[in-house]
Q: 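Have a look at this one before I ask anything.
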Amino acid sequence: MFKVEKSFYKTLAVLTIPLALQNLISYGVVFMDNFMISTLGDAALSGVFVSNQVQWILGMISGGLAGALVVLAAQYMGKGDVHRAKIIVTIVLKIAMGIGVFMTLLVMFFPSEILGLFSDDPGVISEGLNYLPIVGFTYIFVCVNAVLLAAMRCVQNTKIGFISSLSGFLINVFLNWVLIFGNLGFAPLGVRGAAIATLTARIIEFSISFFYVRFKDQNLLFRLGDLKLWDKLLLWDFFRYGTPIILGSFFWGLGGVVQVIILGRLGPEVLTANTIANNLNQIMGVVVYAVTGAAGIIIGRTVGAGEVDKVKAYARALEVIFLSFGIITGGIIFLSKDLILAMAFQGISPQAQGYAIQFLTVFSVTMVGTAYQMAVLSGIVRAGGATHFVLVNDLFWVWIVVVPSALLAAFVFEFPPVVVFACLKCDQILKCGVAVIKLNRWDWMKKLTRE
């Protein structure tokens, strides 16, 4: 049996730390937006939150594209075939550009209809209309930037994502302070100012990533002329192996949107609490999400190199790491939730604060399951090549278990919001059994590359 070498843990840490910092910064941007906008009241915070559901769906789609890119291109990099990895990157870039443009046009022409899907509160919709049309122009930058950073992850470079995100964070927070509240001589613009700050920050992030990939990276050596690269067989491979990942991300994101629709019908205070609890949960779980991404890179490259014994040893070591991070993170959420809410969100109503504490208590339990099952299924099993299995598993739990149980709890049995919320998050625990069985069958290791 192959023994895990010390260099594995070093590589895992080198990949995880920048990813964790990048995630922390990305979620920190949302946190600071929510923190500043919460001073404007529940309607403003909820209006921005429902507007960002479009961004959420787009993030899932671009994340799916990036995930599919990493699964396939990382295996080619593992076997030393840089040219084919570059072709895959160009294919995904073109797809991302098209999706970004389409989503921008959608929110430009149908903003009221989109916001009406998530809330029927006039105040929430009014605030959303001040935010969504401006933020819509960020979509193409978000999509392309996600692909560029995924391409760098394939060559085990996660530092540029951290630098890009940090720059965007600093710009976003500064412009929020200036434009939301009217500092430095500017007129106070409220949520419209937050939208302008977000657009500026996304442009800066994209510019930094593009400059690095074009002029500094010495692995892919990507040039604008490479956009002409094309290969029908690789296009077929991308959709064959990548479609389950893209659809999985899309339907998982759609499930999240449906959850917001359900909670939005329970009142603006519940929607506000969900906004805050989700944001804090994401910030607390940055290491969990980062180690999932790092594990996928390592497993994908190792499978591509054909080193089966190494893959098994790495997977067993990662299992212990995933579970440990989950327990630690869940404990931190439980112990710190009251203090953070009391200090950071004084502008929201007492009822919304009460719901947020209840929702964070649920998260403190489900984070243990998230850390294990998400990391195993999305980080190891999917990167190993079993992309269809992860898709089917996610579809089953979200659409057969989570959404129906929440609908029954909310509108048939009229249970309290915390019970509805627990139903919406129950799959994070229930998937753990599937993850244990699937991982230890070892039938998920599949080489996806062509000779």
Side-chain angles (χ1 to χ4, degrees), residues 15 61-102 140-161 164 206-250 293 296-307 382-388 390-391 445-451:
L15 293 173
I61 295 173
S62 59
L65 288 171
L69 166 64
V70 170
V71 167
L72 195 54
Q75 288 205 14
Y76 275 112
M77 292 301 299
K79 65 181 293 186
D81 193 339
V82 178
H83 180 68
R84 280 181 170 151
K86 186 186 292 189
I87 293 174
I88 294 167
V89 171
T90 64
I91 289 172
V92 181
L93 272 173
K94 294 168 189 174
I95 297 172
M97 291 176 189
I99 292 173
V101 171
F102 171 76
I140 187 163
F141 299 106
V142 169
C143 286
V144 175
N145 193 49
V147 175
L148 293 177
L149 295 182
M152 290 299 94
R153 290 201 299 273
C154 292
V155 297
Q156 296 190 344
N157 183 339
T158 55
K159 293 180 182 178
I160 184 59
S164 171
F206 161 76
S207 300
I208 292 172
S209 300
F210 175 79
F211 179 84
Y212 184 89
V213 172
R214 169 61 183 83
F215 296 104
K216 295 294 185 180
D217 174 59
Q218 298 299 312
N219 294 292
L220 282 177
L221 295 173
F222 186 80
R223 300 293 181 264
L224 288 177
D226 293 331
L227 288 171
K228 298 177 182 178
L229 292 174
W230 191 256
D231 188 303
K232 291 182 180 179
L233 291 177
L234 290 180
L235 177 65
W236 164 251
D237 286 347
F238 176 75
F239 281 111
R240 179 184 177 188
Y241 302 119
T243 297
I245 299 175
I246 298 167
L247 289 178
S249 292
F250 172 74
I297 297 169
I298 293 173
I299 293 296
R301 290 176 69 99
T302 310
V303 170
E307 299 175 297
R382 190 172 73 180
T387 57
H388 290 82
V390 177
L391 169 63
M445 289 182 281
K446 302 174 182 179
K447 290 191 71 171
L448 309 180
T449 57
R450 292 181 179 272
E451 298 303 325

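Here the structure is a predicted model, which is why all the values come from computation and not from measurement. Numbers here simply count residues along the sequence, with the first being 1.
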Q: Could you pull out the closest heavy-atom pair between I87 and W230, with the gap in Å?
A: CG2-C, 4.3 Å
Q: How far does CG of L234 sit from NE2 of H83, to the nearest 0.5 angstrom?
A: 8.5 Å
Q: Just how far is it from atom CG of D237 to atom CD1 of I88, taken to the nearest 0.5 Å?
A: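 Output value for this atom pair is 7.5 Å.
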Q: Looking only at heavy atoms, what is the nearest atom pair of A66 and R153, with distance?
A: CB-NH2, 4.0 Å
Q: Please round to the nearest 0.5 Å and tell me the distance separating atom NE2 of H388 and atom CG of L247.
A: 9.0 Å
Q: Does any non-hydrogen side-chain atom of F206 lie less than 4.5 Å from one of V144?
A: yes
Q: Can you find a heavy atom in the side chain of N219 that is under 4.5 Å from one in the side chain of V82?
A: no
Q: Identify the heavy atoms of G161 and L149 that sit nearest to each other, and give their distance.
A: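 Closest approach of G161 to L149: CA-CD2, 3.6 Å.
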Q: Hey, what do you get for CZ (R214) to CG (L221), rounding to the nearest 0.5 Å?
A: 10.0 Å
Q: Examine distances only and state if a side-chain atom of K94 and a backbone atom of L227 form a donor-acceptor pair shorter than 3.5 Å.
A: yes
Q: To check you understand the geometry: which heavy-atom pair defines the closest contact between A85 and L220, and what is its length?
A: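 For A85 versus L220, the nearest heavy atoms are CB-CD2, 4.4 Å.
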Q: Got L224 and F210 here, is their nearest side-chain heavy-atom distance under 4.5 Å?
A: yes
Q: Considering non-hydrogen atoms only, spot the tightest contact between C154 and A74 and give its length.
A: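 Shortest heavy-atom contact: SG-N, 4.0 Å.
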Q: How about I298 and L15: do any of their side-chain heavy atoms sit closer than 4.5 Å?
A: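 A side-chain contact exists here, since the closest heavy-atom pair is under 4.5 Å.
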Q: Using 0.5 Å steps for rounding, measure from the CD1 atom of I246 to the CG atom of L69.
A: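 Spacing of CD1 (I246) from CG (L69) equals 10.0 Å.
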Q: Determine the minimum heavy-atom distance between V89 and V147, stating which atoms define it.
A: O-CG1, 4.3 Å
Q: Any luck finding a side-chain donor-acceptor pair between T90 and D226 under 3.5 Å?
A: no
Q: Would you confirm whether R382, through its side chain, and A68, through its main-chain N or O, come within 3.5 Å as a donor-acceptor pair?
A: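 No, R382 side chain to A68 backbone: no donor-acceptor pair under 3.5 Å.
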Q: If we only count heavy atoms from C-beta on, is the L65 to F238 side-chain gap below 4.5 Å?
A: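 In short, these two side chains touch, coming nearer than 4.5 Å.
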Q: Do L72 and R84 have side chains that approach each other closer than 4.5 Å (heavy atoms only, starting at C-beta)?
A: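 Contact flag for L72/R84 side chains = no.
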Q: Mind checking whether Y241 and K446 have side chains closer than 4.5 Å, heavy atoms only?
A: no
Q: Decide yes or no on side chain to side chain contact (heavy atoms under 4.5 Å, CB included) for I208 and I160, but give the supporting numbers first.
A: CA-CA 8 Å; I208 292 172; I160 184 59; 4.1 Å; yes
Q: Working to the nearest 0.5 Å, report the span between CZ of R301 and OH of Y76.
A: 15.0 Å
Q: Kindly indicate whether the side chain of L93, heavy atoms from C-beta on, has any atom under 4.5 Å from the side chain of L148.
A: yes
